[in-house]
Amino acid sequence: MRVLMFGWEFPPMASGGLGTACYGLTKGLKNQGAEVIFVMPRVSKDVTSSHVELISAYDTNVKRSMREKIDEIIEIDSPLTPYMSNEEYLERKNSLSSMHMSEEEIEHSRSDASNKIYGRDLYSEVWRYRQKSMLIALRKDYDIIHCHDWMTYGAGIEAKKISGKPLVVHIHATEFDRTGNNPNQYVYDLEREGFHAADIILAVSNLTRNTVIERYGVDPSKVITVHNAVEQKDSSMLEHKLPNKTKVVLFLGRITIQKGPDWFLYAAKKVLEHDPNVTFVVAGSGDMENFMMRKAAELGMSKNFLFAGFLKGDDIDRAYKMADLYVMPSISEPFGITPLESMRNGTPVLMSKQSGVSEVVRHCLKADFWDVNDMANKIISVLEHAPLHSMLVAEGAQEVKRFTWDTPAKKCVDAYEKALASCRK
Amino acid sequence: MVAICFYFQVHQPFRMRNYHVFDIGKDSNYFDEQKNKEIMEKVARKCYLPTTRLLLSMVREHKGKFRCSFSITGTALEQFERYSPEVISIFRELAETGCVEFLSETYHHSLSFLFSKKEFHEQVDMHRKKIEWLFGVTPKVFRNTELIFNNELAIELEKMGYKGVLAEGADQVLDWRSPNYLYKSVSAGIPLLLKNYKLSDDIAFRFSNPEWKEHPLTVPKYVHWLNQVNGAGEVVNLFMDYETFGEHQWEDKGIFQFLEHLPREFLKNHDNSFMTPSEVISSFPIRGELDIHHPVSWADVERDLSAWRGNPIQEAALKHLYEVEDSVKMSNDEKLISDWRKLTTSDHFYYMCTKWFNDGDVHKYFNPYDSPYDSFIAFMNVLKDMEHRININVDSTISQDKLENDNEVDKTMMVNEVS
């Protein structure tokens, strides 16, 4: 079976759940005997030639490891990254152009090179990506089309039109999840278009499946839940110890409304009233980063808060390892792979009940993200009761071994077959 | 001839509310009164009231030939008194017929035998007094919490003067032997009645399971199985939770009709009879000796202690609970002691069990918490608050002493002045 997949760059180049899921899933699909032609947006070398270090690391290591998993990689020159906002898009585009410009040219950056190549805003870039992908869909030979989240749905729809092959769309996060229920109409419409054009929809949790059915008016019979998994790797050799003796509670993820960083702050405030010797580490970046710093100071917690910035690669594993507890207070988390990563690193997890991962993980603590008292109660309990902590560590490490990518990959293959069968009818 | 010995366990714990770390030192109401009331009222309506009324009519119908036994925990009795006193009056009526035996156990359905002999004796005494006061009878036969039994318990019970004890007829204990005789442990002479788990669980667990190949279970079929014991045993011990009737097996599945018809069919054979545990002990000889070193129980497939002592959080909670026993009792604070005792109920540790993550879901059905970890957290927070109360008591005792000493000084001074 040949799969034309419209996905996203793999870690460590890309951060976040979507690239990680694409990586794990393609690896699992390979084990299931499927061939994958992987199409992804990536800024072409010519435009970012000053990114020497990044590019070389990418080309030598990552690409090689990608090649091992994927039969063919096709890059479409585009600065798109998963879940970027229009503002983030403009920022990235401008920073790309500034790299091969003199100081004076930056002053007049409106007429720069990248503006000629890339779309003037996010939406026109997504449209451009859709058009570009048609060429690939025309030239390649494949049995099924599989695409990941809204920016790639257009590409998938066009490929289906061109080839007549069945379309499987994978939903990792809906616009409702990302925006805290304030969807952008353009994005919503594109998601809806993708869902209705699809033969099968794969949702990363029952929570997401329900959202798809209820908010996008989709026939339930074509929506299948495929819970994510986590890469099974051993990072036990990593150096990670902090010199100080205070307990560490970790937030790791995009610092944006969907991830509930503000609820982390309010729970921290409660914890510190009970025990002032706790350090809260916030790892990640995002639009609420400044708010977090300001608010932590406002609540008198500056000395208990550490902002680690954006982490990648081994540093992510190190962050989990130095923590006594990882908290994922997301207000709406379609799945959430990070708790599994934390468990793999031997760190207990407190996750919001409003997450897909909470449907499948048992050896962890769960709370409603808005129930600050309960969140704090559970944070304090893990830090205070050694048997609770050690049991969550031991049982969690065992449990996470069940979540290999072979399981979701197997379900994908089943879904492909179902889609092919229904198209043949 | 075959005798059936029915024993029904009646128990309700005082469930705790989701007690937070922020409640410590501020709020010492640990128990979820609303939930306990609701559950008691529901189970009384579905099981306790209709089943006890039915048993009463069966005793009358068979003019003393239908007999059975109960063990009712103190925590259940207290909640009957509080939320459903009618249940107590029907049990009284049943007691007055003389066809029903009440067994002895720990008042709080606790694991105290395994952790504190002192507390074990105190709870057994409390329970005996409660049964005497409510039903006017003194229990002579013992059953330990969840049928937990080992050689050591036999010795202890013999010293306490019990006539007999009930236990699980677990495979690891009986091996090739039949549960349908009276046994004793190698350690003491006290007679041992062993549960016939196959025939008991046919009613208690499998009765309305459509997947079971014997479903539906009819009275003639069941009585046929019982009659087969004839010649290969003397007594069939049918031990089960009382909540089997109407709560675990529903009325619309015919469980009440089954119970009602059972004696009619069974007593058709005039050699058959129903006996209470005391009657079994006085009617049959001890046929064998069993060496039960490791405790057995009637819980789960393992039939050991792993439902309550199977993981580190259960052990930590139990250890901590019994560590504070002495200081709780020395406080002489009645309310504190009573609260502490309610925590000894085995259910609290059952809620912390993580075995069911891998297999059956029986535990989840009975668990008022979302997760075993949540129940541990609430339990430990409550213990923390108790320690806080103990310290307050200690402080106030010290200041009391100090006050009295100061008074002494004053008096001496006065005496001096007078002289």
Side-chain angles (χ1 to χ4, degrees), chain A residues 247 249 266-276 278 325 339 343 348-355 357-368 371-403, chain B residues 16-27 30 32 306 308-324 348-349 351-364 367-388:
Chain A
K247 303 272 185 172
V249 179
Y266 304 137
K269 177 73 183 157
K270 280 267 173 188
V271 171
L272 291 171
E273 283 167 16
H274 184 88
D275 177 0
V278 180
L325 177 70
M343 288 158 76
V349 181
L350 167 59
M351 60 177 79
S352 83
K353 290 179 184 171
Q354 290 67 30
S355 68
V357 68
S358 73
E359 294 169 11
V360 284
V361 175
R362 284 158 163 180
H363 291 284
C364 66
L365 301 177
K366 299 167 192 175
D368 290 309
D371 194 343
V372 176
N373 268 341
D374 197 35
M375 293 276 271
N377 175 46
K378 282 170 178 158
I379 293 171
I380 291 165
S381 297
V382 175
L383 302 183
E384 274 186 8
H385 301 300
L388 176 62
H389 183 268
S390 59
M391 188 169 160
L392 286 167
V393 170
E395 296 290 335
Q398 276 305 312
E399 186 176 22
V400 78
K401 288 182 185 158
R402 293 199 290 112
F403 294 93
Chain B
M16 291 194 290
R17 63 191 181 86
N18 199 356
Y19 191 85
H20 275 186
V21 72
F22 304 105
D23 296 324
I24 298 171
K26 295 183 193 119
D27 184 349
Y30 308 138
D32 192 335
S306 57
W308 313 276
R309 300 188 68 174
N311 70 36
I313 54 173
Q314 290 173 311
E315 280 299 302
L318 277 159
K319 182 165 172 278
H320 202 113
L321 175 71
Y322 284 95
E323 269 170 7
V324 301
H348 300 304
F349 312 100
Y351 302 149
M352 296 175 201
C353 179
T354 41
K355 277 198 298 185
W356 58 271
F357 276 8
N358 309 318
D359 46 61
D361 55 358
V362 184
H363 290 251
K364 193 164 169 61
N367 199 340
Y369 296 92
D370 290 340
S371 131
Y373 296 110
D374 290 3
S375 82
F376 172 80
I377 290 170
F379 189 90
M380 295 307 269
N381 286 339
V382 166
L383 271 186
K384 259 257 163 72
D385 183 70
M386 282 197 171
E387 285 179 303
H388 184 79

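So that the names make sense, note that chain A is the first sequence line, chain B the second, and so on, each numbered from 1.
Interatomic distance, A/N373 CG to B/D23 CG, rounded to the nearest 0.5 Å: 8.0 Å. A distance of 14.5 Å separates CE in B/M380 from CD1 in A/I380, rounded to the nearest 0.5 Å. Here the straight-line distance linking atom OG of A/S381 with atom CZ of B/F376 works out to 8.0 Å at 0.5 Å rounding.
Take A/D368 and apply the salt bridge (charged side-chain N to carboxylate O under 4.0 Å, His left out) test, not counting sequence neighbours, and it matches no residue. With sequence neighbours left out, B/K384 forms a side-chain hydrogen bond (donor to acceptor under 3.5 Å, both in side chains) with A/E384.
Heavy atoms of B/N381 lying under 4.5 Å from chain A belong exclusively to its side chain.
Scanning all heavy atoms of the two residues, the minimum distance from A/N377 to B/V21 falls at OD1-N, 2.9 Å. Nearest heavy atom pair, residue A/A376 against residue B/F22, reads CB-CZ, 3.5 Å.
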Distance-only donor-acceptor hits, side chain of residues 388-395 of chain A, under 3.5 Å, sequence neighbours excluded:
| unit_1 | atom_1 | unit_2 | atom_2 | d |
| --- | --- | --- | --- | --- |
| A/H389 | NE2 | A/D324 | O | 3.1 |
| A/S390 | OG | A/A386 | O | 3.1 |
| A/S390 | OG | A/P387 | O | 3.3 |

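A salt bridge links B/D374 to A/K378: at least one charged side-chain nitrogen sits closer than 4.0 Å to a carboxylate oxygen.
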Test side-chain contact (heavy atoms from CB on, under 4.5 Å) on A/R362 and B/T354 and set out the steps. CA-CA 9 Å; A/R362 284 158 163 180; B/T354 41; over 6 Å; no
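No other option in A/K366, A/H385, A/K353 has as many heavy-atom pairs under 4.5 Å with chain B as A/H385.
Contacts with chain B (heavy atom to heavy atom, under 4.5 Å) involve these residues of residues 267-274 of chain A, listed by number: A/K270, A/H274.
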